[in-house]
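Below is one structure, written out as structure tokens, with a few remarks after it.
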Amino acid sequence: MDIDEDIRDSSTPEAPATKISRQQILTLISMASINFSSMICYSILGPFFPNEAKKKGVSQAMIGLIFGIYALCTLVGSLILGKYIVQIGAKFMIVAGLFISSGSTVLFGFLDQVSDGTVFIVLCFITRDISFSQGFMEIFTGLGLILGPPLGGWLYQSFGYEIPFVFTGCLLFATVPLNLWILPSFDAVPSQNSFLRLCTRIKILLICFVVFTLSSGIGFLDATLSIFAIEKLNLSAGSVGLLMIGLSLPYGAASPIFGVISDKYPSIRKWMMVVGGMATAVSFCFLGPLPVFHIRSQLWLTVLMLIVVGFSLCLTCIPTFAEMITCAHENGFEEGLSTLGLVSGLFSAVWSAGMFFGPTIGGYITQALNFEWSAGVQGALAFFAALLQVIYFTIEDIQKKSQKANRTDVSSSQGEKSPLLPKTDHLTVDVR
């Protein structure tokens, strides 16, 4: 793999603007309902589940693994289903995923009836395993992330452990008939390309690592922040839900802004990822903060750093998928559902790998050391990803300038060698 091959001429004619059809609007509404309901189902656990599991004798490392098993199953499902999305059918995947996910969410709500810690852990793994079907869907939506933690914390404090899961499971199930009615059937030709070919591009691998660090940070906070806030900051489960808004609200608010900037100025996408990664690294180091700074954990500092994390994660995440799609098209992948399925599957798989690594390894480090050092590890990962991007994009820019200069030199040399007068074989003079 050579960087020279990764910097092919990416200038492609812009497609003319087209009016959004009624079917497209309905599809967007359908996807919005899925994103909203699925993210609420995912994010309600943060404020109270880790502490509830701890009461049953579950260690911090095992709590992280319970959060991570969901992502591990999503990783496997994404790679398989992303490859065969055309053969299986996108609509069937979405509807089946919604149906199974809603059922497993409701079942998760009855685990508090289990008194034995070992049985509790096993059942947690089983019900989170079933949730791999959510990997069929896009899992990013700011609104679901914003409402999930405070809603989960309030329902838990007001009605107990079961109600948050029953409510959100039913909410997710309610989207099944909506999507059966709205979603069209997608027809496409199966792609001959593979994940292996997609991963031969250095730029794709680099963006994948960036995505990995993003999801790792989010997964880490899901599994560890609530216990840290309850024990170190003396917050209740409901207050922890409000605390988590400090992360999700900036992410949701900044998403449309950074999305517009990314679409309007595609040339700065790479530097958006770099700046976002650096900001994420700094904010994670001060989230605890790291013991080397000799700063005491304080609520205002935690809230401030969560806000910075929310903005920086959004700044980094927004350009990633578009850059992967663009890179795939530039390297011969056809435009259509097949390539979209491959890229989406790879993106989701890498995201899920990070969501497994973050809570699992982060939970283990938190148990062995503390939250402060574990957050610092997440910051180091984000910094390393940003550093690799700076090196790659700097080399890429230098090579582009060199290639442009070479083309200019060739053009000028050809111009200097061309004769001033056209060449003629015979000079004839008419002397009439």
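It should be emphasised that the depicted structure is a prediction, and the values quoted were computed from it without experimental measurement.
- Glu323 has a carboxylate O that lies under 4.0 Å from a charged side-chain N of Lys203, or vice versa, which qualifies the two as a salt bridge.
- Side-chain contact between Val275 and Leu315 is present, with at least one heavy-atom pair separated by less than 4.5 Å.
- Ser297 contributes a side-chain N or O that, together with a main-chain N or O of Gly288, makes up a donor-acceptor pair within less than 3.5 Å.
- By the 6.0 Å contact criterion, CZ on Phe393 is enclosed, its count of non-hydrogen atoms from other residues, nucleotides or ligands being greater than 12.
- Between Val308 and Ala279, the shortest heavy-atom distance links the atoms CG1-O, 4.2 Å.
- The line from CD of Glu372 to CG of Leu287 is 9.0 Å long, rounded to the nearest 0.5 Å.
- Residues Cys327 and Arg201 approach most closely at SG-CB, 4.2 Å, considering heavy atoms.
- At least one side-chain heavy atom of Leu381 sits less than 4.5 Å from a side-chain heavy atom of Ser216.
- Residue Ser283 comes nearest to Ser312 through the heavy atom pair OG-OG, 4.3 Å, listed as atom of the first residue, atom of the second, then distance.
- In this structure, the separation between CG on Leu198 and CD1 on Ile204 is 4.5 Å, given to the nearest 0.5 Å.
- In this structure, the side chains of Cys208 and Phe347 stay at 4.5 Å or more apart for every pair of heavy atoms.
- In summary, Glu396 and Lys270 engage in a salt bridge, as defined by a charged side-chain N under 4.0 Å from a carboxylate O.
- Within a 6.0 Å sphere centred on OH of Tyr364, other residues, nucleotides and ligands contribute 12 heavy atoms or fewer.
- We find the SG-CG distance between Cys199 and Leu205 to be 5.5 Å, quoted to the nearest 0.5 Å.
- Between atom CG of residue Leu304 and atom CG of residue Leu299 there is a gap of 11.0 Å, rounded to the nearest 0.5 Å.
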Practice task
Evaluate side chain to side chain contact (heavy atoms under 4.5 Å, CB included) for Phe311 paired with Ile307, printing each intermediate quantity in order.
Solution key: CA-CA 6 Å; Phe311 276 116; Ile307 292 173; 3.8 Å; yes
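- Side-chain atoms of Ser226 do not come within 3.5 Å of backbone N or O of Asp222 as any donor-acceptor pair.
- Side-chain contact check for Ser236 and Ser239: at least one donor-acceptor pair (N or O, by modelled atom type) lies under 3.5 Å.
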Practice task
Might you work through the side chain to side chain contact (heavy atoms under 4.5 Å, CB included) test for Met273 and Ile318, ending with a clear yes or no?
Solution key: CA-CA 8 Å; Met273 293 188 289; Ile318 290 297; over 6 Å; no
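- The backbone N or O of Trp351 sits less than 3.5 Å from a side-chain atom of Ser215, completing a donor-acceptor pair.
- Across every non-hydrogen atom of Leu306 and Leu243, the tightest pair is CD1-O, 3.7 Å.
- Ser262 contributes no side-chain N or O that, together with a main-chain N or O of Pro319, makes up a donor-acceptor pair within less than 3.5 Å.
- Within a 6.0 Å sphere centred on CZ of Phe384, heavy atoms belonging to other residues, nucleotides or ligands number 12 at most.
- In terms of heavy-atom proximity, Ala281 sits nearest to Ala382 at N-CB, 3.9 Å.
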Problem - Full working for side chain to side chain contact (heavy atoms under 4.5 Å, CB included) between Met272 and Thr316 - result: CA-CA 6 Å; Met272 289 174 65; Thr316 309; over 6 Å; no
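- Between Leu247 atom CG and Leu313 atom CG the span is 6.5 Å, to the nearest 0.5 Å.
- Of all heavy-atom pairs between Thr366 and Phe371, the closest is CG2-N, 3.8 Å.
- A side-chain donor-acceptor contact under 3.5 Å links Asn370 to the backbone of Trp373.
- Side-chain atoms of Ser374 come within 3.5 Å of backbone N or O of Gly362 as a donor-acceptor pair.
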Exercise for the section: Go through Phe220 and Val377 one step at a time and tell me if the side chain to side chain contact (heavy atoms under 4.5 Å, CB included) criterion holds. Expected result: CA-CA 10 Å; Phe220 162 76; Val377 171; over 6 Å; no
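- Between atom CZ of residue Phe258 and atom CG of residue Asp263 there is a gap of 13.5 Å, rounded to the nearest 0.5 Å.
- Here Phe357 and Phe212 bring their ring centres to under 6.0 angstrom of each other.
- Although no hydrogens or angles enter the test, the distance criterion places a donor-acceptor pair under 3.5 Å between the side chain of Thr302 and the main chain of Gln298.
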